[in-house]
There are 4 protein chains.
Amino acid sequence: MARPKSEDKRIALLEAAVRVFVAHGLGAPTALISKEAGVANGTLFTYFDTKGELVQQLYRELKLEMASALLRGLLEEKGLRERFFHVWSNWMHWAMSNPDKLRVLALLAVSEDVTPELRVEVGKFMWKVEVLLEQSRANGPLRDAPIAFVGEILTSLANATMGFMASDPENAEQHCKTGFEALWRVIG
Amino acid sequence: MARPKSEDKRIALLEAAVRVFVAHGLGAPTALISKEAGVANGTLFTYFDTKGELVQQLYRELKLEMASALLRGLLEEKGLRERFFHVWSNWMHWAMSNPDKLRVLALLAVSEDVTPELRVEVGKFMWKVEVLLEQSRANGPLRDAPIAFVGEILTSLANATMGFMASDPENAEQHCKTGFEALWRVIG
Amino acid sequence: MARPKSEDKRIALLEAAVRVFVAHGLGAPTALISKEAGVANGTLFTYFDTKGELVQQLYRELKLEMASALLRGLLEEKGLRERFFHVWSNWMHWAMSNPDKLRVLALLAVSEDVTPELRVEVGKFMWKVEVLLEQSRANGPLRDAPIAFVGEILTSLANATMGFMASDPENAEQHCKTGFEALWRVIG
Amino acid sequence: MARPKSEDKRIALLEAAVRVFVAHGLGAPTALISKEAGVANGTLFTYFDTKGELVQQLYRELKLEMASALLRGLLEEKGLRERFFHVWSNWMHWAMSNPDKLRVLALLAVSEDVTPELRVEVGKFMWKVEVLLEQSRANGPLRDAPIAFVGEILTSLANATMGFMASDPENAEQHCKTGFEALWRVIG
DNA sequence: CATGAATGAGCGTTCATTCAT
DNA sequence: GATGAATGAACGCTCATTCAT
């Protein structure tokens, strides 16, 4: 191959897209993304057939990255609550460290380009967390609710907490704990 | 341009916008909205100076409508939990009856056109609920958390519950109660 | 209607297209056409949904104009040969007077945008000439050939004659007659 | 770039161009041509400096091939009419055997890339036919017309006949003869 | 020389907004 | 005020051509 398609460039484009989408919304021109990535206009389209394709891949990669971050350092020996808090804490800290990505995920969540199928596919990245959630709520007050509902509650509390931590970073640690305690009251 | 002639037309445009935005996203052409409203292209701009203005007014009106719905039939004599559940129930049922408006609110929530100031302004529509929330959490586990945080938790749990009710309308009433119980465990 | 779509503008666009296509081929940018017509870029698309639509309408109109020109002043009382020569002469002179249109028709004849259906539709503009042709060849040497074939021979001889007249306008009249005599030897 | 290595590849590209141009018109991307030829995108440009160059060479080669086909098996001893019919018949059969090339020649005939000079150059490939034509018309009705005009008439009748043969291959032989008789009535 | 990724000018089309009627 | 044609900046995407490998 002459000049192989470089994974670096693909990643540069995705990262540029995050910055550009944060600044201008998903409606931002592809030209801005390629410029931000330091490549030519047309190059973007050798890596992504359409803008929609870029958006979809970005959604997948961000969700995957987030899901991976959640599990970092998770040990099996601890108690359920501790394990869950570990995940929760990872989650919150990933969000604090990646505010742009978090913001873009919020945009992507309502994008036309993110299809229900893609949402399902990407939901699977969280299966380990789902297992933990299953176990945690097994004897809790939501033991009879549909697990999907419990999952949505988890996600929504996580988002609320992230949002609040971001708005008051001084007391981020405190809010992280508060959020978890709220969660644990609901499910644990 | 200050006071347009027909309030009817203004409302028709806003309602058309809801339908069009649900079907095509916020990126939908204004021409589609005016057509859906049964008025000419240019007429839209005598009611709203720009598309952004329309978006903002729509956000304001939808939030106001929702906030009003929450308080319907609220009596002072009952207990705190009952009063809060009444509000919660109103909220959930408004959402169930207005899935389009709910969906559009989700889009508007991340729109470029909805400024932080507007968000603040519109947040005030919920002041009565906030009072209720203040009272409810006064002796609860979140008594020391910032009220804004508690508010976000409320909102996020409400959204999660609405979403789940919409996806499983058969058991909507059940989910409504489950959601409320989760909430009450957190704040009450 | 506010400002009714003006037939003038439509015609101006079509005429501009002729000039631009002659100068730059059918691949010429639509922007050049609108500029040449003295209207804005986007205006072209209120008159023609796509560039292809413009091309098709142009084909239709040019063919119609040419077909109409052929019959001008045709009287019934004369002999067949005289009537046919009248038509032929009209044809040749229209071509001499409209070299641009003739050139564009040559481009359109092989354009992707001109569908077989359109060709058939447009072929009907020549039905009076076809009748004349039928009568003329009825007792001639091609009396047993398919009429479509005879029609193609007519067209091809006409094109050859037009082409040559244009290249040597000094003796155009002479060539016009020569061409007709050639034709008449074949069909008459 | 002067003398490319592999004549095979050059020919493969020209043949691919015929197929691609037939299917997509002269506007077809060069990338399609190289793919069809089984070589890389950029390779095309070591064989042809520009797309226009390829178009010109293709025109030249097709015209040359056609001209060569006309003379195949032509013997001097026969009478003029027979010799001319031999050429005519070769011509028609080449066209029938190479419908794609014929179609592409029709496209090339109006292409921007085919300059008048090239047309003249390529016209010389037919000089033997021109000699035959000169002799044939020497005592015929067109004896006083410019030879170029007679040439155009020949070409146009040939094209009409080819076209019709292609559209009704069942009776191709018949049409071939009919076409020739028409021609001979005009020039012979 | 062959390859195919990189380039960027260019194109058809859209659409918020303006304005003549 | 209502209308809808006019406007032109903007956008996504293409493609001939170049050039690093």
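As a basis for the values below, the full set of heavy atoms in this structure was taken, side chains included, without hydrogen atoms, waters or symmetry mates. Residue numbering restarts at 1 for every chain, and letters A, B, ... go by the order of the sequence lines.
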Report task. Could you go through the side chain to side chain contact (heavy atoms under 4.5 Å, CB included) check for C/Tyr59 and C/Asp113 one step at a time? Result -> CA-CA 10 Å; C/Tyr59 181 69; C/Asp113 290 317; over 6 Å; no

Taken to the nearest 0.5 Å, the spacing of C/Ile33 CD1 from C/Leu54 CG works out to 5.0 Å

In whole angstroms, the gap separating P of E/dA16 from CG of B/Asp113 amounts to 11 Å

Counting only Watson-Crick and G-U wobble pairs with both atom distances below 3.5 Å, the stems of 3 or more consecutive pairs that include DNA chain E are E:2-21 with F:2-21

note: B/His24, atom NE2; E/dC15, atom P; distance rounded to Å ~ 10 Å

Looking only at heavy atoms, the pair that brings C/Ala40 and C/Ser34 closest together is O-CB, 3.6 Å

Would the distance check show the side chain of A/Arg103 and the main-chain N or O of A/Ala23 forming a donor-acceptor pair, the cut-off being under 3.5 Å?
no

Expected list for residues 25-37 of chain A near DNA chain F, using heavy atoms below 4.0 Å, is A/Ala28, A/Pro29, A/Thr30

B/Leu13 atom CG is separated from E/dA16 atom C1', nearest whole Å, by 15 Å

Query raised in the report: Just by distance, do the side chain of C/Thr43 and the backbone of C/Val39 share a donor-acceptor pair under 3.5 Å?
Result: no

Note: contacts of residues 38-57 of chain C with DNA chain F (heavy atom, under 4.0 Å) are C/Val39, C/Ala40, C/Asn41, C/Gly42, C/Thr43, C/Thr46, C/Tyr47

From NZ of A/Lys9 across to C1' of E/dG4 the rounded distance in Å is 12 Å

Q: May I ask you to say whether B/Arg60 pairs ionically with B/Glu65, meaning some side-chain N is under 4.0 Å from a carboxylate O?
A: no

| query | Are the side chain of C/Arg10 and the backbone of C/Lys5 linked by a donor-acceptor contact shorter than 3.5 Å? | reply | no

Separation of E/dA5 atom P from A/Glu7 atom CD, nearest Å, is 14 Å

Residues D/Glu112 and C/Gly25: closest non-hydrogen pair is OE2-N, 3.7 Å

Self-check item: Test item: D/Phe21 and D/Leu32 side chains (from C-beta on) under 4.5 Å apart, heavy atoms
Solution: no

Open item on the list: Between C/Tyr47 (side chain only) and C/Ser6 (backbone N and O only), is there a donor and an acceptor less than 3.5 Å apart?
Closed with: yes

Nearest heavy-atom approach of D/Leu102 to D/Ala95 is CD2-CB, 4.0 Å

